[in-house]
Amino acid sequence: MRARLAEVEERLRPGRAHSWAVERLGELFAQGRAPDPPPRGELAGRWLVVSFSGVVDALERRIAALHMPWLGKRFDPATATGVNVLTRGARIPLSLLWPAAGLGRERGDGRIEGVPFRTWSGHSAGDPGLRVLFVDYDLDANPPWARRVRDEVVDAGEGVYLGRTLLRVRDGVRPLGYFTLE
């Protein structure tokens, strides 16, 4: 799995085939299965690609190379909840998007926790034959922009979870990108 993900990332470098990489990540995602047991504790995250435009993805990758505030997720399967783990530097940009919330809980290690979620297993929005772990941000504690986001996560093998981020739109969901958790 790691070798296949590395191949995809190599093709995401400027001048490589963005659409090939997105298609290949979709294939890898479809080969996964719902995590059983569900993830527990803190998992390191890595954003891979924006799935709707090579130009937007190239811009996002350049920005992320300068500063990627998302570090991963912390899961609590006993309560079917979790929270995103972010750099302390995420507080300012997110407070501009979410001024009333007072984002995040300081952890004392240079990180904050914010943008909570709930989890459950079910059939993928994009592939009804595929069972996934849903990571759903539609909670009162989250800002309106985050409440429209839902991740689907599969166990891709070798200790790697592959996630697909979806945006709820009027007629269903729109894929936004892919990430890994380890």
Side-chain angles (χ1 to χ4, degrees), residues 1-2 5-6 8-10 12-14 18 21-22 25 29 35 38-77 79-119 133-156 158-168 175-182:
M1 175 53 65
R2 285 185 177 86
L5 288 170
V8 169
E9 283 190 287
E10 176 60 30
L12 289 172
R13 297 191 192 284
H18 177 267
V22 170
L25 285 167
F29 187 85
R40 173 183 305 280
E42 189 168 321
L43 300 176
R46 187 170 47 141
W47 182 256
L48 297 176
V49 64
V50 171
S51 62
F52 57 87
S53 164
V55 173
V56 172
D57 182 58
L59 176 62
E60 181 272 332
R61 289 178 73 77
R62 286 192 179 106
I63 292 169
L66 297 173
H67 178 67
M68 172 47 85
W70 180 69
L71 300 173
K73 298 181 185 298
R74 185 173 51 79
F75 291 87
D76 181 355
T79 60
T81 62
V83 67
N84 283 277
V85 179
L86 308 157
T87 65
R88 184 179 293 139
R91 185 180 298 283
I92 292 170
L94 286 174
S95 67
L96 295 173
L97 294 171
W98 189 14
L103 175 74
R105 178 183 73 80
E106 287 283 343
R107 293 174 24 146
D109 62 357
R111 300 173 182 198
I112 59 173
E113 294 181 345
V115 194
F117 55 82
R118 60 190 167 114
T119 62
L133 177 71
F134 289 108
V135 174
D136 192 356
Y137 301 98
D138 191 7
L139 300 172
D140 291 340
N142 287 330
W145 57 267
R147 295 183 69 173
R148 294 181 55 205
V149 175
R150 180 170 61 194
D151 297 332
E152 295 180 344
V153 176
V154 296
D155 184 340
E158 299 179 26
V160 177
Y161 297 101
L162 181 58
R164 174 170 57 190
T165 299
L166 304 170
L167 178 67
R168 289 187 192 107
L176 292 179
Y178 290 91
F179 62 92
T180 59
L181 295 166
E182 294 188 60

Does the [X] side chain pair with the main chain of [Y], one donor and one acceptor, at a distance under 3.5 Å?
X: E113; Y: V83; value: no
X: N142; Y: Y137; value: yes
X: D151; Y: V135; value: no

Which atom pair, heavy atoms only, marks the closest approach of [X] to [Y]?
X: T87; Y: I112; result: O-CG1, 3.7 Å
X: N84; Y: W70; result: OD1-NE1, 2.8 Å
X: V153; Y: P35; result: O-CD, 3.6 Å
X: V149; Y: R168; result: O-NH1, 4.2 Å
X: L162; Y: L25; result: CD2-O, 3.8 Å
X: F117; Y: R74; result: CZ-O, 3.7 Å

Straight-line distance of D76 CG to E42 CD, nearest 0.5 Å
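Output value for this atom pair is 13.0 Å.
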What's the separation between atom OG1 in T119 and atom NZ in K73, rounded to the nearest 0.5 Å?
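Result: 11.0 Å between the selected atoms.
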Close side-chain approach of F134 and E152, heavy atoms under 4.5 Å
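Result yes, sub-4.5 Å side-chain heavy-atom pair found.
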Are there more than 12 heavy atoms of other residues, nucleotides or ligands under 6.0 Å from atom CZ of R2?
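Enclosed: over 12 neighbouring heavy atoms sit under 6.0 Å from CZ of R2.
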Identified salt bridge (charged side-chain N to carboxylate O under 4.0 Å, His left out) partner of D136 from the options R147, R118, R150:
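Looking at R147, R118, R150, the match for D136 under the salt bridge (charged side-chain N to carboxylate O under 4.0 Å, His left out) is R118.
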CA sep, side-chain torsions, deciding dist, call: F75, L181, side chain to side chain contact (heavy atoms under 4.5 Å, CB included):
CA-CA 11 Å; F75 291 87; L181 295 166; 3.9 Å; yes
Any idea how W47 and F179 line up, ring-wise: parallel (<30°), tilted (30 to 60°), or perpendicular (>60°)?
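Ring orientation, 0 to 90° scale: parallel.
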Pair V160, E182 - check side chain to side chain contact (heavy atoms under 4.5 Å, CB included), show working.
CA-CA 5 Å; V160 177; E182 294 188 60; 3.8 Å; yes
